[in-house]
Amino acid sequence: MSDTSLESESRKKALKQLKAARKEQIAAGTLRMKEQRRAVKAIKAQLEGAELTVPEIAAATGLPSSEVLWYVATMKKYGEILEGPKDGSYYRYHLGQAPAAEAEDDPAD
């Protein structure tokens, strides 16, 4: 066997041991990512064709309003949702254009 083959086998073995040692952390991270995707999907579903405030979204999705606020702030930052008019103490939010649609408007053309 050459040196590169030995190194490759050694790396594979080390990676396998590392994955086994961190199995619980990897599973917890995977579960949290699934929960986040589910929450974002639920929020977007509520905002389809509607303008809602954070408390209205929280009531409709069953998520805590503090958690909805974080998701809404993040989605607003990345242009997935847009801030609408203010309704009392809260802003109303609605879906924005998908980021992929913005990429189609290439100024280089």
Side-chain angles (χ1 to χ4, degrees):
M1 286 186 125
S2 67
D3 288 339
T4 56
S5 296
L6 290 174
E7 283 182 26
S8 178
E9 290 298 320
S10 175
R11 286 183 185 179
K12 285 181 183 178
K13 185 176 179 181
L15 185 58
K16 190 173 183 178
Q17 290 173 344
L18 186 62
K19 283 182 180 179
R22 296 185 179 176
K23 186 176 183 178
E24 290 177 16
Q25 291 91 344
I26 292 170
T30 302
L31 179 63
R32 181 65 184 145
M33 285 174 37
K34 285 181 181 180
E35 290 171 357
Q36 287 177 345
R37 275 190 240 119
R38 202 173 305 128
V40 168
K41 187 176 179 179
I43 291 169
K44 285 182 178 181
Q46 293 302 315
L47 291 175
E48 279 189 22
E51 281 192 349
L52 301 173
T53 62
V54 169
E56 291 171 340
I57 297 168
T61 59
L63 297 168
S65 58
S66 59
E67 192 173 322
V68 170
L69 180 62
W70 280 104
Y71 286 123
V72 166
T74 302
M75 289 189 286
K76 180 183 168 203
K77 178 180 179 180
Y78 293 104
E80 294 180 39
I81 63 172
L82 301 172
E83 193 173 81
K86 198 166 186 180
D87 183 10
S89 300
Y90 301 99
Y91 285 98
R92 294 197 161 275
Y93 296 93
H94 57 92
L95 289 179
Q97 290 187 355
E102 294 172 4
E104 292 176 1
D105 299 331
D106 189 10
D109 288 338

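The first residue of the sequence shown is numbered 1, and numbering continues consecutively from there.
- The stretch residues 67-76 participates, sequence neighbours left out, in these side-chain hydrogen bond (donor to acceptor under 3.5 Å, both in side chains) pairs: Lys76-Glu83.
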Atom pairs and distances, donor-acceptor, side-chain atoms in residues 14-22, under 3.5 Å, two or more places apart:
none

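- Leu63 and Leu95 fall within a single hydrophobic cluster, where Ile, Leu, Val, Met, Phe, Trp and Tyr are joined by side-chain heavy atoms under 4.5 Å apart, directly or via other members.
- Within the hydrophobic cluster formed by Ile, Leu, Val, Met, Phe, Trp and Tyr side chains joined at under 4.5 Å, directly or through other members, Ile26 stands alone, with no partner residue.
- Residues satisfying the salt bridge (Lys or Arg N to Asp or Glu O under 4.0 Å) test with Arg32, not counting sequence neighbours, are Glu35.
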Got a list of side-chain donor-acceptor pairs under 3.5 Å for residues 37-57, not counting sequence neighbours?
residue	atom	partner	partner atom	Å
Lys44	NZ	Glu80	OE1	2.7
Thr53	OG1	Glu56	N	3.4
Thr53	OG1	Glu56	OE1	3.4
Glu56	OE1	Thr53	N	2.9
Glu56	OE1	Arg92	NH1	2.9
Glu56	OE2	Arg92	NH2	3.3

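- Transitive grouping of hydrophobic side chains (ILVMFWY, heavy atoms separated by less than 4.5 Å) brings Ile81 and Tyr91 into a common cluster.
- Within 6.0 Å of the CD atom in Glu24, the count of heavy atoms belonging to other residues, nucleotides or ligands does not exceed 12.
- Residues Pro64 and Ala58 come closest through the heavy atom pair C-CB, 4.3 Å.
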